[in-house]
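Each remark here refers to the structure printed beneath this line.
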Amino acid sequence: MAANLIDGRAIAEEIHRETAARVAALAARGATPGLAFVRVGDDPASKVYVGMKERACQRLGIRSTTLILAESTSEAEVLALIGRLNADPAVHGILVQAPLPRAICSARVFASVAPGKDVDGFHPVNVGKLMLGDPGGFVPCTPAGIHQLLIRAGVPLAGAEVVILGRGNIVGKPMAAILIQKAPDADATVTVCHSRTRDLAAHCRRADILIAAMGVREFVRADMVKPGAAVIDVGVNRVPDPAAKGGSRLVGDVDFEGVRAVAGHLTPNPGGVGPMTIAMLMRNTVQAAEMQS
Ligand code: NAP
């Protein structure tokens with residue numbers, strides 16, 4: 001039987017509706033949430049991502065500003081700009097779009113954003129709050145979105161065997177931190193795999209929930225999936241395709257057609273995790289505005 005597809009676009013719309021109601025409640029108190037994007041250099045994917053996030057802000061009544069800096073901008077200049085945004089009361093959230101140019105230390109830049117405005121959840125204070133289970137911090141948008149996909153698709157989490165492929169700071173590690181919490185909608189048993197994991201396929205085969213966040217095209221094949229498992233495909237990989245517009249297309253970390261025949265739930269890619277990342281960014285921004293207003 002084919003897997004139920006988890007419709008990330010529909011669930012993201014549901015979250016946008018909830019966020020829009022919170023924006024309206026803030027407006028009734030005379031407050032408008034404000035989000036500042038900082039983009040350094042000319043990375044084409046960054047332009048696309050920031051553009052999508054700006055459009056989401058516009059739709060929801062969040063005031064957004066995008067500060068575009070040249071590739072040659074020094075780290076000191078970026079830090080000075082963030083300092084000004086930290087002090088600006090009309091800016092409730094700050095998002096520094098990755099990747100930054102090589103000459104700039106991303107960790108220092110992320111740590112310079114005021115924790116209360118860090119809607120990406122990358123500041124060490126927010127990383128710490130997530131580990132501690134403190135609900136007063138910001139949770140990184142992609143794993144927070146995956147969590148919502150699992151909850152709203154009705155996938156049981158308490159006691160579930162979760163295997164996460166990838167230990168990156170943006171997806172894998174915070175995803176594990178969310179699901180191991182002693183809390184409702186968590187309480188899972190989590191294994192995090194990476195490039196040094198022995199017999200990775202054996203780990204995958206015992207997962208009730210398999211989350212692929214490696215950036216390796218179609219790595220997860222049907223024979224690595226336990227029948228009935230929920231499979232979340234986070235990867236974004238651009239592959240050449242002469243038939244596609246622009247000569248390339250995006251594929252995930254999961255062999256969609258093969259895994260669909262075995263899994264119980266599966267996210268399409270695109271149309272699964274991607275829209276949720278933006279929905280959670282909007283939600284975090286409104287949370288920041290509520291906390292500051
Ligand atoms: P990352 O920081 O580069 O982490 C990749 C992880 O995958 C690393 O832990 C790496 O292991 C592991 N890995 C790579 N190849 C492997 C292999 N052959 N076998 C086992 N493990 C392997 O990446 P990220 O930022 O977490 O992103 C992961 C993917 O998610 C990317 O494709 C990215 O584009 C996508 N993504 C999507 C969204 C969205 O909104 N849809 C958002 C964020 C990221 P080591 O640690 O041992 O090197």
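First listed ligand is number 1; within each ligand, the first listed atom is number 1.
For atom 15 (N) of ligand 1, the closest heavy atom belonging to the protein is Val216 CG2, 3.4 Å. Looking at atom 28 (C) of ligand 1, its nearest protein heavy atom turns out to be Ala213 O, 3.4 Å. Looking only at heavy atoms of the protein, atom 1 (P) of ligand 1 is closest to Gly168 CA, 4.3 Å. With hydrogens left out, the protein atom closest to atom 24 (P) of ligand 1 is Val171 CG2, 4.5 Å, a heavy atom. Nearest non-hydrogen protein atom to atom 18 (N) of ligand 1 is Phe219 CE1, 3.9 Å. The single protein non-hydrogen atom nearest to atom 31 (C) of ligand 1 is Gly215 CA, 3.8 Å, given as residue, atom name and distance.
The neighbour count for Phe110 CZ, taken as heavy atoms of other residues, nucleotides or ligands under 6.0 Å away, is above 12.
Where the criterion is an N or O separation shorter than 3.5 Å, residue side chain and backbone included, Thr277 meets it with respect to ligand 1. Remark: ligand 1 and Asn169 share no N or O pair separated by less than 3.5 Å (distance only, no angle test). Distances between N or O atoms of Ser195 and those of ligand 1 include at least one value under 3.5 Å.
Remark: atom 3 (O) of ligand 1 lies closer than 4.0 Å to no protein heavy atom. The nearest protein heavy atom to atom 42 (C) of ligand 1 is closer than 4.0 Å.
For the pair Lys47/Met52, no side-chain contact is recorded, criterion being any heavy-atom separation below 4.5 Å from C-beta on. The shortest side-chain heavy-atom distance between Leu79 and Leu81 does not fall under the 4.5 Å cut-off. Residues Ile164 and Ile209 fail the side-chain proximity criterion, which asks for heavy atoms closer than 4.5 Å. In this structure, the side chains of Val273 and Thr142 come closer than 4.5 Å at one or more pairs of heavy atoms. Gln287 places a side-chain heavy atom less than 4.5 Å from the side chain of Phe138.
Here is the list of ligand 1 atoms found below 4.0 Å of a heavy atom in Gly166: 6 (C), 7 (O), 9 (O). Near Thr142, with a cut-off below 4.0 Å to any heavy atom, the atoms of ligand 1 are 40 (O), 42 (C), 43 (C).
A salt bridge links Glu18 with Arg152; the closest basic N to acidic carboxylate O contact falls under 4.0 Å. Salt bridge absent: Asp187 and Lys182 never bring a charged side-chain N and a carboxylate O closer than 4.0 Å. Salt-bridge annotation for Glu13 and Arg59: present, with a side-chain N of the basic residue lying under 4.0 Å from a carboxylate O of the acidic one.
Only the side chain of Leu200 comes within 4.0 Å of ligand 1, judged by heavy-atom distances. Contacts with ligand 1 closer than 4.0 Å are made by heavy atoms of both the backbone and the side chain of Val236.
Taking each of Arg167, His194, Arg217, Met214 in turn, the one with a heavy atom nearest to atom 16 (C) of ligand 1 proves to be Met214. Among Ile164, Ile278, Val234, the residue whose heavy atom lies closest to atom 35 (C) of ligand 1 is Val234.
No hydrogens or angles considered: a donor-acceptor pair under 3.5 Å links the side chains of Arg238 and Ser248. Counting only N and O atoms by type, the side chains of Ser64 and Gln58 include no donor and acceptor under 3.5 Å apart.
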